[in-house]
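Comments concern the structure below.
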Amino acid sequence: MTQTTITTQKVAESRRRRRVNVARVRRERTAWLFMAPSILIIGAFMIWPLLQSAYLSFTQYNRIQPAKWVGWRNYVELVGDEQVWNALGNTAVYAVVVTPVTVFLALLFAIFLNRPMVGRDFIRTAIFMPFIVSMAIISFAWSFLLDANIGLVTYWLGKVGFVTEQGWLTDPQLAMPAVMVVGVWKSVGFYMVMYLAGLQSIPTEIYEAATVDGAGPWNRFRHITWPLLANQTMLVSIMAAIATIQVFDQIYVMTRGGPFFSTETLVMLIYRVGFQDLQLGYGSAVSWVLMILVFALSMLQFGYFRKRAVTY
């Protein structure tokens, strides 16, 4: 091979690499162009407010006077604030009860409605329908249903002997359970659909083989359905936990955090402190505590379910 041939090959290879690089740059430029609107929206409505709230959490700010830097004082105060601990406790109770109940009922409905039966589509739609309705509208309707004087729920329960003098939403002992029922009723249909998708993705041959081997319904669920739904359970559990920790709209519409702060959650506290009392610095500090709590819980759940993820 002559020196001229080697030089010609090098030139050709250099040109080919240059063309590849130009094509790659054009593709990357096009990709960034398409992503630019989303990046701007996320930056303007998510990243920038997040950074602003982080800054405000270290200040004393009431929208009237300029923000005054106070360092860690807001975080030190919230550690000893009984209102914060009360809201944290209410949030924990709501999440610990509503999350597993919602996941359990969603799985139960999905298994029941995954079989051929008369009216299956209607029942699926009826269970899913509350999810597509605004939580504010549902909470407003349930407030009338649970009213101590004109509520249908109170009326019919009174017919069977269950009488509450103060009403569901005005009794500190009954307000939180009433709100929990509404939360479960609202969201169970959405997670049921996710479980239905998971059930329909499991190969029927596995069930047929298990039936031939003599496995009953319980053993088929225990050794096939439940393990193979690990991926859906991880997603459903994380989404349900985040939603319950961030509950606000139904609390705001139904109880305003009362009676006697018995249903005030962390998000409701943030709203009251930040937008009603105009303590935006303190409210931002509480919101960052909430964000850290959600992140930590999500990571714990992800780590737990990741070891049980399945591929089939």
| query | So, does Asn86 use its side chain to make a donor-acceptor pair with the main chain of Gly89 at under 3.5 Å? | reply | no

| task | List the atom of Ile127, the atom of Met192, and the distance in Å for their closest heavy-atom pair. | result | CG2-SD, 3.9 Å

| message | Is the shortest side-chain heavy-atom distance between Tyr282 and Leu78 below 4.5 Å? | response | yes

| Minimal non-hydrogen separation, Ala285 against Asn74, with atom names | CB-CB, 3.8 Å

| field | Sub-4.5 Å side-chain heavy-atom contact between Arg124 and Phe128 | value | no

| query | Is the number of heavy atoms from other residues, nucleotides or ligands within 6.0 Å of CD (Gln200) greater than 12? | reply | yes

| request: Any chance you could measure Glu264, atom CD, to Thr255, atom OG1, to the nearest 0.5 Å? | output: 9.0 Å

| With hydrophobic residues grouped by side-chain heavy-atom distances under 4.5 Å, do Leu108 and Ile224 end up in a single group? | yes

| said: According to side-chain hydrogen bond (donor to acceptor under 3.5 Å, both in side chains), does anything in residues 39-61 pair up with another residue at least two apart or in another chain? List the pairs. | reply: Ser53-Trp288, Ser57-Tyr75, Gln60-Arg73

| Is any side-chain heavy atom of Lys186 closer than 4.5 Å to a side-chain heavy atom of Met135? | yes

| remark: Output for pair (Leu174 CG, Thr263 OG1), nearest 0.5 Å, gives 12.0 Å

| message | Are there over 12 heavy-atom neighbours, none belonging to Met117, within less than 6.0 Å of that residue's CE? | response | yes

| Nearest heavy-atom neighbours spanning Thr99 and Ala240 | OG1-O, 3.8 Å

| request: Begin with the C-alpha distance, continue with both residues' side-chain angles, and end with the deciding distance and a verdict on side chain to side chain contact (heavy atoms under 4.5 Å, CB included) for Met239 and Leu235. | output: CA-CA 6 Å; Met239 292 180 63; Leu235 182 61; 3.8 Å; yes

| field | Taking every non-hydrogen atom, the tightest pair across Thr102 and Ser187 | value | CG2-OG, 3.6 Å

| Do Ile132 and Phe190 come within less than 4.5 Å of each other through their side chains, counting heavy atoms only? | no

| field | Note, Ile111 side chain near Tyr195 side chain (heavy atom, < 4.5 Å) | value | no

| Under 3.5 Å, side chain of Ser139 to main-chain N/O of Ala136, donor-acceptor pair present? | no

| Does any pair with a residue in residues 79-124 pass ring pair (Phe, Tyr, Trp, His ring centres under 6.0 Å), and if so which ones, sequence neighbours excluded? | none

| query | Could you walk me through whether Phe261 and Arg272 pass the side chain to side chain contact (heavy atoms under 4.5 Å, CB included) check? | reply | CA-CA 11 Å; Phe261 305 101; Arg272 179 171 64 84; 4.0 Å; yes

| field | Side chains of Val286 and Val273 in contact at under 4.5 Å (non-hydrogen atoms) | value | no

| Among the clusters formed by ILVMFWY side chains lying less than 4.5 Å apart, do Phe260 and Tyr271 turn up in the same one? | no

| said: For the OH atom on Tyr207, are there more than 12 heavy atoms of other groups (residues, nucleotides or ligands in this structure) within a distance under 6.0 Å? | reply: yes

| task | Might you point out which heavy atoms bring Leu297 and Ile245 nearest each other, and give the distance in Å? | result | CD2-CD1, 3.1 Å

| request: Give a yes or no answer on whether the side chain of Asp277 reaches the backbone of Gln279 with a donor-acceptor pair at less than 3.5 Å. | output: no

| query | Between Ile202 and Leu113, is there a shared hydrophobic cluster once you connect ILVMFWY residues whose side-chain heavy atoms come closer than 4.5 Å? | reply | yes

| query | Can you check side chain to side chain contact (heavy atoms under 4.5 Å, CB included) on Ser143 and Leu169, steps first, answer last? | reply | CA-CA 8 Å; Ser143 297; Leu169 301 179; 4.1 Å; yes

| query | Between Glu77 and Asp81, does a side chain to side chain contact (heavy atoms under 4.5 Å, CB included) hold up when you go through it step by step? | reply | CA-CA 6 Å; Glu77 289 183 0; Asp81 192 342; 6.0 Å; no

| If you count the non-hydrogen atoms of other residues, nucleotides and ligands that lie under 6.0 Å from CD in Gln276, is the total more than 12? | yes

| field | Leu290 vs Ile270 side-chain heavy atoms within contact, under 4.5 Å | value | yes

| message | Treating Gln250 as the side-chain partner and Val179 as the backbone partner, does any N or O pair qualify as donor plus acceptor under 3.5 Å? | response | yes

| task | Would you give the length of the straight line joining atom OH of Tyr191 to atom OG of Ser237, rounded to the nearest 0.5 angstrom? | result | 9.5 Å

| query | Atom CH2 in Trp218, atom NE2 in His223: separation rounded to 0.5 Å? | reply | 9.0 Å

| Hphob cluster co-occupancy, Phe144 + Trp185, side-chain heavy atoms under 4.5 angstrom | yes

| task | Please check if atom CZ in Arg222 has more than 12 non-hydrogen atoms from other residues, nucleotides or ligands closer than 6.0 Å. | result | no

| query | In terms of hydrophobic clusters joined by side-chain contacts under 4.5 Å, are Val188 and Ile137 together? | reply | yes

| query | If every non-hydrogen atom of Pro259 is compared with every non-hydrogen atom of Pro172, which pair is closest and at what distance? | reply | CG-N, 3.6 Å

| query | Any side-chain heavy atom of Met254 sitting closer than 4.5 Å to one from Leu146? | reply | yes

| Say you draw a straight line from OG1 of Thr91 to CE of Met268; how long is it, rounded to the nearest 0.5 Å? | 11.5 Å

| request: Starting at CG of Asp213, measure out to CG of Asn219 and round the result to the nearest 0.5 Å. | output: 11.0 Å

